[in-house]
Visitor: 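Next up is a structure, given as structure tokens.
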Amino acid sequence: MPKKRNWLLSDIFGNICIKLVHSEKKAQKILFDYHLVSEIRSTADAQVWKILGERMKFLVYTSRKDFTPETCALLAHEATHIAQYFMEDIGEEEPSSEFFAYVVQSATENLLIQQREYMRKKVIEQS
């Protein structure tokens, strides 16, 4: 069985951690652990939260449990929000389009890796 991954470190300056979860219960537990009170919007297929601490952490929840182009696009959308929060946190008000694209790319790659691992885990569990 694949190892459980807590937070996947992104290569954006080596200081962003991202966790992708697929259940509301897990998302709420993590939010509670970090003393955040937030609702998961019932109309959203995905949502992202910024968690403050020694490292920048982002929790991403999605109800999508597949690897379709639509899900990949949704994760890219959430990665864009991560990049926006990141730029805000480092005080970058007008990032170059290339810099912003690299941050989105790194966050998207991170989320897609976690989605793929989730899918592999589900296949193993069903075997």
Side-chain angles (χ1 to χ4, degrees):
M1 181 178 288
K3 69 177 182 165
K4 181 178 179 183
R5 185 179 296 277
N6 289 327
W7 294 83
L8 183 59
L9 185 63
S10 201
D11 64 357
I12 310 166
F13 303 112
N15 65 348
I16 291 182
C17 297
I18 302 171
K19 174 129 179 98
L20 176 64
V21 297
H22 295 85
S23 82
E24 289 186 32
K25 186 176 178 180
K26 280 185 185 177
Q28 288 296 349
K29 182 184 180 333
I30 292 167
L31 292 170
F32 179 80
D33 289 348
Y34 285 95
H35 309 289
L36 295 173
V37 177
S38 181
E39 289 185 38
I40 295 176
R41 295 183 309 269
S42 60
T43 58
D45 281 339
Q47 200 168 341
V48 64
W49 294 269
K50 178 173 65 170
I51 299 173
L52 300 175
E54 64 185 57
R55 278 202 156 127
M56 259 186 262
K57 289 185 175 183
F58 296 96
L59 173 64
V60 179
Y61 160 76
T62 183
S63 59
R64 308 286 306 242
K65 299 178 180 180
D66 55 46
F67 209 76
T68 63
E70 293 82 8
T71 296
C72 293
L74 180 69
L75 294 175
H77 173 97
E78 297 307 320
T80 302
H81 289 306
I82 289 170
Q84 291 167 333
Y85 289 138
F86 175 75
M87 295 300 166
E88 187 179 285
D89 283 353
I90 66 169
E92 186 62 65
E93 294 178 10
E94 295 183 28
S96 71
S97 58
E98 194 68 10
F99 179 49
F100 189 80
Y102 276 123
V103 175
V104 171
Q105 177 183 345
S106 182
T108 301
E109 179 182 16
N110 186 306
L111 290 170
L112 292 175
I113 288 168
Q114 291 186 70
Q115 185 74 2
R116 182 184 63 203
E117 287 181 2
Y118 175 81
M119 297 301 301
R120 285 182 180 164
K121 179 182 171 192
K122 289 299 168 197
V123 168
I124 289 170
E125 288 174 356
Q126 293 174 357
S127 300

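None of the values given here were measured: they were computed from a predicted structure. The figures here come from the full heavy-atom set of this structure, side chains too, leaving out hydrogens, waters and symmetry mates.
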Visitor: Using every non-hydrogen atom in the two residues, find where Met87 and Pro95 come nearest and quote the distance to one decimal.
Guide: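 Answer, listing the atom of Met87 first, then Pro95: SD-CB, 3.7 Å.
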Visitor: What do you reckon, is CZ of Phe32 surrounded by more than 12 foreign heavy atoms closer than 6.0 Å?
Guide: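 Counting other residues, nucleotides and ligands, CZ of Phe32 stays at 12 neighbours or fewer.
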Visitor: What's the verdict on side chain to side chain contact (heavy atoms under 4.5 Å, CB included) for Met56 and Ile90, showing C-alpha distance, side-chain angles and the deciding distance?
Guide: CA-CA 10 Å; Met56 259 186 262; Ile90 66 169; 4.2 Å; yes
Visitor: Taking the side chain as every heavy atom from C-beta outward, state whether Leu31 and Trp49 have any pair of such atoms under 4.5 Å apart.
Guide: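 The answer is yes, as the side chains (C-beta and beyond) meet within the 4.5 Å cut-off.
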Visitor: Using modelled atom types and a 3.5 Å cut-off, is there a donor and acceptor pairing between side-chain atoms of Glu24 and backbone atoms of Ser63?
Guide: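 Here the side-chain-to-backbone pair does not exist.
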Visitor: Could you measure the distance from the CD1 atom of Ile40 to the OH atom of Tyr61? Nearest 0.5 Å is fine.
Guide: 5.5 Å
Visitor: Taking all non-hydrogen atoms of both residues into account, name the closest pair between Gln28 and Ser38 and its distance.
Guide: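 Answer, listing the atom of Gln28 first, then Ser38: NE2-O, 3.2 Å.
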Visitor: If we ignore angles and hydrogens, is there a donor and acceptor under 3.5 Å between the side chains of Tyr34 and Lys57?
Guide: yes
Visitor: Can you check whether Tyr118 reaches His22 side chain to side chain, under 4.5 Å on heavy atoms?
Guide: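 Of all side-chain heavy-atom pairs linking His22 with Tyr118, at least one is under 4.5 Å.
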Visitor: Do Tyr102 and Glu98 make a side-chain contact, defined as non-hydrogen atoms from C-beta onward lying under 4.5 Å apart?
Guide: yes
Visitor: Here's a test for you: under side-chain contact (heavy atoms from CB on, under 4.5 Å), which of Asn110, Thr80, Leu20 qualifies with Leu75?
Guide: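 The side-chain contact (heavy atoms from CB on, under 4.5 Å) with Leu75 is passed solely by Leu20 among Asn110, Thr80, Leu20.
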Visitor: How far apart are the closest heavy atoms of Phe67 and Arg116, and which atoms are they?
Guide: CE1-N, 3.8 Å
Visitor: Going from CG on Leu36 to CD1 on Ile30, what distance comes out if it is rounded to the nearest 0.5 angstrom?
Guide: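 If we round to the nearest 0.5 Å, Leu36:CG and Ile30:CD1 are 11.0 Å apart.
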Visitor: I need the minimum non-hydrogen distance between Gln115 and Arg64, along with the two atoms involved.
Guide: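 What the structure gives for the nearest pair is NE2-O, 3.3 Å.
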Visitor: Between Leu74 and Ile82, is there a shared hydrophobic cluster once you connect ILVMFWY residues whose side-chain heavy atoms come closer than 4.5 Å?
Guide: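 No; tracing contacts between hydrophobic side chains, which count when under 4.5 Å, never links both residues.
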Visitor: So do the side chains of Val60 and Gln47 get within less than 4.5 Å of each other, counting heavy atoms only?
Guide: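 Sidechains of Gln47 and Val60: no contact.
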Visitor: Measure across Val21 and Ala27 and return the closest heavy-atom pair with its distance rounded to 0.1 Å.
Guide: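 So the minimum-distance heavy-atom pair works out to CG2-CB, 3.8 Å.
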Visitor: Please round to the nearest 0.5 Å and tell me the distance separating atom CZ of Phe86 and atom CD of Glu92.
Guide: 9.0 Å
Visitor: Considering non-hydrogen atoms only, spot the tightest contact between Ala83 and Val104 and give its length.
Guide: CB-CG2, 3.6 Å
Visitor: Is any side-chain heavy atom of Thr71 closer than 4.5 Å to one of Met119?
Guide: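 With C-beta onward as the side chain, the pair stays apart.
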Visitor: Any luck finding a side-chain donor-acceptor pair between His81 and Glu78 under 3.5 Å?
Guide: no
